[in-house]
Amino acid sequence: PVDEVTMKIGNNVCNFLAQQLKSGLIPPQFLPLQSGVGNIANAVLACLGSNPDIPAFEMYTEVVQDAVIDLMKEGKCKFASSCSLTVSDDKLNEVFQNIGFFHDKIILRPGEITNNPEVVRRLGLITMNTALEADIFGNVNSTHVTGTKMMNGIGGSGDFTRNAYISIFTCPSVAKEGKISAIVPMVSHMDHTEHDVNIIITEQGVADLRGKSPKERAQAIIENCVHPDYKNILWDYLKLTDGKSQTPHALRAALAMHAELAKSGDMKNVDWAQYK
């Protein structure tokens with residue numbers, strides 16, 4: 001179910017895409033969308049469906065969720081190409097009972113076609129996937145909690161992200177009652193590199209990373225996406241670096257927030273003094 005945080009994320013995605021549309025960076029007829037799975041993805045799609053500035057759109061995606069079925073009934077999603085339906089039993093029954101309405105609105109293709117990088121690039125997709133964590137330079141971890149515990153597979157997100165026209169990653173800025181920051185100095189496991197990640201969005205705001213240097217990306221992410229409890233912590237991390245490197249890292253301290261989580265259960269307890 002959609003909650004306050006996921007709704008804020010969804011609205012931030014919508015406002016960003018509406019601004020891109022208004023600026024002429026997205027064509028007036030819009031572009032096909034790819035969406036990951038989960039509650040954030042459902043919230044984003046619900047917000048897209050209710051935003052009057054977003055025209056009716058098509059989807060080219062790996063999975064179709066409940067939200068897509070609802071958008072089709074509302075006329076907001078005109079068509080969806082996918083390789084699977086990950087809908088609830090009630091929604092699946094609804095599709096079967098109204099097959100005359102849905103039969104020309106959904107097509108299921110083999111994964112070799114749906115996730116084909118050349119097709120993704122040719123169609124110019126806007127891709128929207130969920131991150132477990134991202135670092136201040138734009139690298140994304142989609143699969144492993146603290147780099148060791150597998151939460152889920154990567155699915156087709158890599159193929160979609162690397163070949164997208166605009167690649168977006170969303171996540172709440174904190175987890176576990178604020179004891180974990182989703183934005184860290186260095187991701188504990190990397191699924192998507194900074195070269196493929198264009199936009200990071202949390203409930204706090206939007207960081208557009210396109211055309212920015214690593215230092216500029218760090219500034220954009222910390223200022224726009226990080227929870228207030230962690231902003232100064234991440235600015236203090238950057239003060240540990242020499243400030244001259246192309247990508248400013250303090251390697252001894254890069255995973256200190258993860259180490260502190262393992263030690264005390266709260267990333268906010270990290271003490272940078274020992275790394276100076």
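Basis for what follows: all heavy atoms, side chains included, without hydrogens, waters or symmetry-related copies. The first residue of the sequence shown is numbered 1, and numbering continues consecutively from there.
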**Atom NZ of K179: over 12 foreign heavy atoms under 6.0 Å** = no
**Request:** May I ask you to decide whether D266 forms a salt bridge with K176, counting only side-chain N to carboxylate O separations under 4.0 Å?
**Result:** no
**Spacing of L234 atom CG and K239 atom NZ [to the nearest 0.5 Å]** = 12.0 Å
**Request:** State which residue, out of V37, N39, I40, fulfils the side chain to side chain contact (heavy atoms under 4.5 Å, CB included) condition with T130.
**Result:** I40
**Prompt:** Which atoms form the tightest heavy-atom contact between M257 and I183, and what is the distance?
**Reply:** CE-O, 4.3 Å
**Asked** Once you round to the nearest 0.5 Å, how far does CE of M190 lie from OG1 of T193?
**Response** 7.0 Å
**Asked** Which value, rounded to the nearest 0.5 Å, describes the distance between E62 atom CD and T86 atom OG1?
**Response** 9.5 Å
**Fill in**
For Y60, the ring-ring contact (aromatic ring centres under 6.0 Å, His included) test, sequence neighbours excluded, returns none
**Request:** Report the C-alpha distance between N129 and Q34 in whole Å, list the side-chain angles of each, state the deciding distance to 0.1 Å, and finish with yes or no for side chain to side chain donor-acceptor pair (under 3.5 Å).
**Result:** CA-CA 8 Å; N129 291 287; Q34 177 263 334; 3.0 Å; yes
**Message:** Please determine whether side chain to side chain donor-acceptor pair (under 3.5 Å) holds for the pair Q219 and W235, giving the CA-CA distance in whole Å, both sets of side-chain angles, and the decisive distance to 0.1 Å.
**Reply:** CA-CA 9 Å; Q219 180 177 2; W235 280 125; over 6 Å; no
**Message:** side chain to side chain donor-acceptor pair (under 3.5 Å), that's the test. Do D196 and T161 meet it? Break it down for me.
**Reply:** CA-CA 6 Å; D196 305 323; T161 295; over 6 Å; no
**Message:** Quick check: is L25 connected to L31 through a chain of hydrophobic side chains (ILVMFWY, heavy atoms under 4.5 Å apart)?
**Reply:** no
**Hydrophobic cluster identity match, Y237 and Y230, side-chain contacts under 4.5 Å** = yes
**Fill in**
Tightest non-hydrogen contact, residues S84 and S82, listed as O-OG, 2.9 Å
**Prompt:** Do E94 and K73 sit within salt-bridge range, that is, some charged N less than 4.0 Å from a carboxylate O?
**Reply:** yes
**Asked** Among the clusters formed by ILVMFWY side chains lying less than 4.5 Å apart, do I222 and V174 turn up in the same one?
**Response** yes
May I have the list of side-chain donor-acceptor pairs in residues 44-53 shorter than 3.5 Å, sequence neighbours left out?
unit_1: S50; atom_1: OG; unit_2: A46; atom_2: O; d: 3.3
unit_1: S50; atom_1: OG; unit_2: C47; atom_2: O; d: 3.2
unit_1: N51; atom_1: OD1; unit_2: D53; atom_2: N; d: 2.8

**Request:** Assign the ring pair H249 / F137 to parallel, tilted or perpendicular, where the plane angle (0 to 90°) is split at 30° and 60°.
**Result:** perpendicular
**Fill in**
Between the CG atom in N42 and the CG atom in D70, the distance rounded to the nearest 0.5 Å is 8.5 Å
**Message:** With no hydrogens and no angle check, just 3.5 Å: does a side-chain donor-acceptor pair link T143 and N152?
**Reply:** no
**Request:** Drop me the distance from I233's CD1 to S181's OG, to the nearest 0.5 angstrom.
**Result:** 8.0 Å
**Asked** Given N11 and I9, is the side-chain contact (heavy atoms from CB on, under 4.5 Å) satisfied, shown in steps?
**Response** CA-CA 5 Å; N11 283 325; I9 294 172; over 6 Å; no
**Asked** Is K105 close enough and on-axis enough to F101, meaning under 6.0 Å and within 45°, for cation-pi?
**Response** yes
**Asked** Shared ILVMFWY cluster between F30 and V13, side chains joined below 4.5 angstrom?
**Response** yes
**Prompt:** Okay, side chain of K212, backbone of D208: is any donor-acceptor separation there less than 3.5 Å?
**Reply:** yes
**Message:** Quick check on the hydrophobic clustering: are L125 and I199 connected, directly or via other members, by side-chain heavy-atom contacts under 4.5 Å?
**Reply:** no
**Item:** Closest contact, heavy atoms only, M59 versus C77
**Value:** CG-SG, 3.9 Å
**Pairwise ring-ring contact (aromatic ring centres under 6.0 Å, His included) hits with a residue in residues 142-169, at least two apart** = H144-H189, F169-H192
**Request:** Kindly check if the number of other-residue, nucleotide or ligand heavy atoms within 6.0 Å of CD (Q29) is above 12?
**Result:** yes
**Asked** Okay, side chain of E216, backbone of S213: is any donor-acceptor separation there less than 3.5 Å?
**Response** yes
**Contact summary for I69 and V87, nearest pair of heavy atoms** = CG1-CG1, 4.1 Å
**Asked** Do K244 and D242 sit within salt-bridge range, that is, some charged N less than 4.0 Å from a carboxylate O?
**Response** no
**Fill in**
Test side-chain hydrogen bond (donor to acceptor under 3.5 Å, both in side chains), reference S173, set H227, K231, E203, output is E203
**Message:** Set out, in order, the CA-CA distance, both residues' side-chain angles and the distance that settles side-chain contact (heavy atoms from CB on, under 4.5 Å) for I168 and T127, then state yes or no.
**Reply:** CA-CA 6 Å; I168 300 171; T127 66; 5.9 Å; no
**Request:** Count the heavy atoms of every other residue, nucleotide or ligand shown that sit under 6.0 Å from CE of M150, and state whether that count exceeds 12.
**Result:** yes
**Prompt:** At what distance, to the nearest 0.5 angstrom, does CG of D191 lie from CD1 of I154?
**Reply:** 4.0 Å
**Request:** Evaluate side chain to side chain donor-acceptor pair (under 3.5 Å) for S264 paired with N269, printing each intermediate quantity in order.
**Result:** CA-CA 7 Å; S264 70; N269 294 334; 3.2 Å; yes
**Asked** What are the two closest non-hydrogen atoms of K268 and G178, and how far apart are they?
**Response** NZ-O, 2.9 Å
**Message:** Surrounding CD of E177 (heavy atoms of other residues, nucleotides or ligands, distance under 6.0 Å), is the total greater than 12?
**Reply:** no
**Request:** Please name the pair of heavy atoms, one in L238 and one in T241, separated by the smallest distance, quoted to 0.1 Å.
**Result:** O-OG1, 2.7 Å
